[in-house]
Amino acid sequence: MAYTIKLATDALDNYLGIGEENKSIIDNTKERGFVFELNSGEKIVIFIYPLVHKQDNTKNYFDTRDSGAYERYVAWKYSIQHNMKYFCVGVNDQVDKYTNYVFSLECDEKVIEKISGTKDGSRNGPGNQIIIPNDYMPSHKFERITNRLGIFISVIHKDSLLDYLEKYDNRPYMPSNKIINVEAENDYDEYQRAAKIIKDHIFESGYTFEESEEEIKQFYEEFRSRFSVEKLMTIPDSELLTKLFYSSDSTNDSLCYWLEFNQQSRLFGGGIAGGLAYKFGLFQRKEDGIWISGSPIKPEELSNEKALEIGKIIRDVLIKGAELIGDSSLDSLTDYEKLDEELNKEIGKYATMGWVHKYFCLLYPDKLSAYHSQDWQKHILYGLKVKPSECYYGKSGQISMVRRIVNLEYRHFFEAFYDKFGGLKKFCRLGTSDRIINYAKEWKKNGLIAIGWDLLGNLNEFVIGNDINRKAINERLQGLYYTDNPQLASRKAGELVTFFKSNPDTIFVAMDGDTPLALVDGIGTYYFDADKAMSHRKVGIWHNCFDSEETMPNKSAGHMTSCYEFNDDENLLYLYDKYYYDITDREEEGGVEQMKEFIPLVYNTNLATKYERNRIVFGAPGTGKSFTLKEDSKKLIEGTQGTLERVTFHPDYTYSQFVGTYKPVSDANGDIRYKFIPGPFMRVYVDAVQSGRTDNPQPHLLLVEEINRAKVAAVFGDVFQLLDRDGDGISEYEIQTTEDIRKYLADVLGGNSDNYKMIQIPNNMFIWATMNSADQGVYPMDTAFKRRWHFQYIGIDDSDGKVENYIIPVGLGDSRKHVYWNELRRSINDILTNECKINEDKLLGPFFLSKDLLENAMNSQDSKDLFIKAFESKLIMYLFEDVMKMKPQMIFKGHANKSGKMIFSEICRAFEEYGEMIFDIDLLEAKSNNAEE
């Protein structure tokens, strides 16, 4: 039975929670196009398609060619004429994998017409439907996919649909209220697409901003109230130098201070910190009050008159440049490049100074970007797939145009970009051959990269302070390799320094001649392996993201070098695109294991249980916390094929130990390679996920002893977010995984790393823990962490019935007597509570002394002597060192009454002579059939 427009409309209405009364049908759309008012009051246009699903599951698509072409055109045109956002969506709730999901075509109508063979709503030639990849199965709240024609299709879970409609608009190519010819590519299209990258990330990640727009705008107003062009013009000569530049008065009110160090200025206007005060062209030396210009190498001392003359020149430069920007209409790259030319003509060298650019930016935040370093400008533009202008203000303008389209304040734009792309990146070519052997497969297998010139020895020997001595490396290379070619030795020294200085923000392009083989990131620290060829080494994560016939756009860049930093736009745009948008590993020709089939993750396993998933048992020492969890874990796992893993936290325990990290391992040949080694959390997680995908899911338990002896926020890291469980016991929120975890999960669970970008905890995974708040070495837990757990308190006497018959010896030799353990314990607790005012969590639980110790206390003379020593080293030590450290005489008052010294050894000696009397307690002799006469 065909899936009809009516069925699709009913499904969409259900997802939106609306009825006919909430919609305004657009004429001539056969009720497929309608206007809908969002919660914000904004009106939008929606056009609906019933997604076509072939019964043999071979094809799923929007039938844009043969269904509703005219009606779709009418709805699109209506949205343009009325300046409303437009959405073309597809629904089919009779296909299991599509139930509860809406597919949204993010595409200009002119593109859809071209693909579908329609024109203004009518067929005008051959065309195609818009296909949804057949192997695609929705699994996230929001995801963007592309089909083979490059059409973007967003897939939205019904619970996120209203949020999507509020934040998005399927008119990505529209600069004004008119339809554009999609083939007329212009600047605006390029920057629209760049803006869409930022908007997509904000929506997909759920990123939120701390600072309000009002707070940011107030800062700009305050800055202008101090340093606007009008203010600069009216500064009297007597105040000009101290008002603009650093002076010996150390005032925080100067322009230079505001640009460089004012906290809000750095936050909302970008940073220019670093370097010396010379960069401002003028400053007053604190030591003697003399004004200085020039450079650190060639400083120039100035008279006050000369300083004022230079100060006026700089002031006039700022005014002239600001007026030029203020009078300019800056709507295109051409406009910005013309501005760059005019600024360089009018104010010369000052035009490209970062602090001058920042001054202009703070006056005109809507015209210039707040990125003042050209390296940062390029990083932004490469990441957003925009070729950088060659001009300083051209690049600033390109970023500003994107920011204006996104409609974010600079600070918010920066945070969203940084969250997706991180800090500055370097892409470096790395040769993988010594002209005889290619080492790429070996390096990939062992998770490393390397470079030659082994005879140099360990490069750490060339380190001086925080830098490496290139000159010394150059001289050693000349002596060992290039005696007749000092220029080549110098270049190779530079390559070795580039390799040595590489860090986690370096991405290597492993190459075999002109052929790129892989991208390698996650770069670790340098080490030297004298037993291996190419002995200068670093850990790295390999990504085979290149096809076999693929080449770099500019193949000559770095040719004939071993390690070379790429700096040309063509290669960097290509590599940024590869790294950030196409990192999916390719299959190696003829040699890779067959990838395991991906089976979708099942988080709701329908496992029935009476136990809480996240559970912490706490109480005083010896109350039976571990015993309680041991017994409950038996009941949970008993009769199942579930697993239990136990781990004990300690003060030095880390996230890497708990979740997992790369570690060196030795293979069968004794070769060292680096491999991701999962921690207990990841091992139990994998067990639970594997079990959850079967017809008979089993419980899997991670049991943490002494959870608060470690810094739990640091140990759990981002896993902390997963602890929020919904009513079914599933993580309420997903987390984004790191690349190494994705690869590990793909290896053990099947599929590729892209299948594991986001994960949740399934409801067949249990995390239980014990907590002892009385321990001196514990770390406090914050409220946010605590509220994600079910806490179970075990009272001080909850288990005393299990120890009421245990008899223990006290004292040695003739002083020995036998008493009931529980009577002695309770008597000590009474003193601690009533006289010493000690909290319950520091009292003695029934099993403060272990069950095994209590059961064997009376077995023989030797066992009695051993018990006495255990009593001293455990119980007396605990009371002396932890509970009553400041006033031990209050608990050992029997010893104190005899004027005994309050030192541990003397208290133990007194216990051996007087037994329980050291506490000023006198118990009756216990009688037992198995007690010695």
Side-chain angles (χ1 to χ4, degrees), residues 619-625 706 772-778 796-797 799-800 803 806-859 861-926:
T623 50
K625 300 180 293 293
E706 307 286 357
N772 181 5
S773 56
D775 197 322
Q776 296 282 350
V778 302
I796 194 66
D797 293 322
S799 302
D800 68 347
V803 298
Y806 287 128
I807 297 175
I808 61 169
V810 292
L812 290 177
D814 294 339
S815 302
R816 171 165 292 164
K817 65 187 291 190
H818 304 97
V819 300
Y820 286 107
W821 155 246
N822 205 35
E823 287 185 10
L824 177 59
R825 179 188 70 87
R826 280 177 169 270
S827 298
I828 294 173
N829 283 345
D830 286 343
I831 297 172
L832 292 172
T833 302
N834 299 323
E835 299 179 30
C836 303
K837 308 302 180 185
I838 296 299
N839 292 332
E840 184 178 348
D841 63 357
K842 288 185 178 292
L843 302 183
L844 305 178
F847 293 99
F848 183 91
L849 298 176
S850 70
K851 184 179 179 182
D852 183 66
L853 192 63
L854 294 171
E855 286 179 343
N856 295 312
M858 300 290 288
N859 283 353
Q861 188 63 40
D862 288 342
S863 66
K864 291 180 180 182
D865 292 342
L866 288 172
F867 180 86
I868 295 297
K869 293 301 180 186
F871 190 96
E872 293 171 354
S873 64
K874 295 179 184 295
L875 192 148
I876 293 179
M877 173 69 81
Y878 172 67
L879 296 174
F880 182 78
E881 286 288 337
D882 290 346
V883 183
M884 299 301 299
K885 188 172 186 177
M886 303 307 295
K887 295 182 178 180
Q889 67 274 12
M890 292 185 70
I891 185 64
F892 303 112
K893 57 182 181 178
H895 178 57
N897 292 339
K898 295 180 180 292
S899 301
K901 294 181 180 179
M902 285 299 136
I903 57 176
F904 180 68
S905 59
E906 288 296 322
I907 295 171
C908 290
R909 219 173 268 120
F911 174 69
E912 292 169 4
E913 184 173 353
Y914 301 112
E916 81 278 19
M917 292 296 293
I918 64 168
F919 304 107
D920 199 22
I921 297 170
D922 188 9
L923 298 176
L924 296 175
E925 181 80 20

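For reference, positions follow the sequence shown, starting with 1. Only heavy atoms go into these numbers, but all of them, side chains included; no hydrogens, no water, no symmetry mates. It should be emphasised that the depicted structure is a prediction, and the values quoted were computed from it without experimental measurement.
Partners of D852 under the side chain to side chain contact (heavy atoms under 4.5 Å, CB included) rule, at least two apart in sequence or in another chain, are S850, N856.
Using modelled atom types, no side-chain atom of Y806 and backbone atom of A857 make a donor-acceptor pair closer than 3.5 Å. For R825 (side chain) and L844 (main-chain N/O), a donor-acceptor pair under 3.5 Å exists by modelled atom type. Using modelled atom types, one side-chain atom of W821 and one backbone atom of P846 make a donor-acceptor pair closer than 3.5 Å. In terms of modelled atom types and a separation under 3.5 Å, the side chain of E840 and the main chain of I796 share a donor-acceptor contact. Under a 3.5 Å cut-off, the side chain of T833 and the backbone N or O of D830 do not form any donor-acceptor pair.
Between atom CG of residue L854 and atom CG of residue L849 there is a gap of 5.5 Å, rounded to the nearest 0.5 Å. Going from atom NZ of K842 over to atom CG of L832 covers 11.0 Å, rounded to the nearest 0.5 Å. Atoms CD and CG, on E916 and L824 in that order, are 7.0 Å from each other to the nearest 0.5 Å. The structure places CD1 of I891 at 8.0 Å from NZ of K893, a figure rounded to the nearest 0.5 Å.
Residues M884 and I831 fail the side-chain proximity criterion, which asks for heavy atoms closer than 4.5 Å. Side-chain contact between M877 and D882 is absent, with no heavy atoms from C-beta onward closer than 4.5 Å.
Ring to ring, F911 and F871 are close: their centroids are under 6.0 angstrom apart.
Classification of the F904-F880 ring pair by plane angle, with boundaries at 30° and 60°, yields tilted.
With 3.5 Å as the limit, one finds no donor-acceptor pair spanning the side chains of K901 and H895. Side-chain contact, N829 with R826: no donor N or O sits under 3.5 Å from an acceptor N or O.
Ion pairing between K817 and D922 holds under the 4.0 Å rule for side-chain N and carboxylate O. A salt bridge is defined here as a Lys NZ or Arg NE, NH1 or NH2 lying under 4.0 Å from an Asp or Glu carboxylate O, and E912 with K869 meets this definition. Salt bridge status for D920 with K898: absent, with no side-chain N to carboxylate O gap under 4.0 Å.
Of all heavy-atom pairs between L843 and P621, the closest is O-CD, 3.6 Å. Nearest heavy atom pair, residue S827 against residue L923, reads OG-CD2, 4.0 Å. Taking every heavy atom of both residues into account, C908 and E872 meet most closely at O-OE2, 3.4 Å. Considering all non-hydrogen atoms of both residues, E906 and R909 come closest at OE2-NH1, 2.6 Å.
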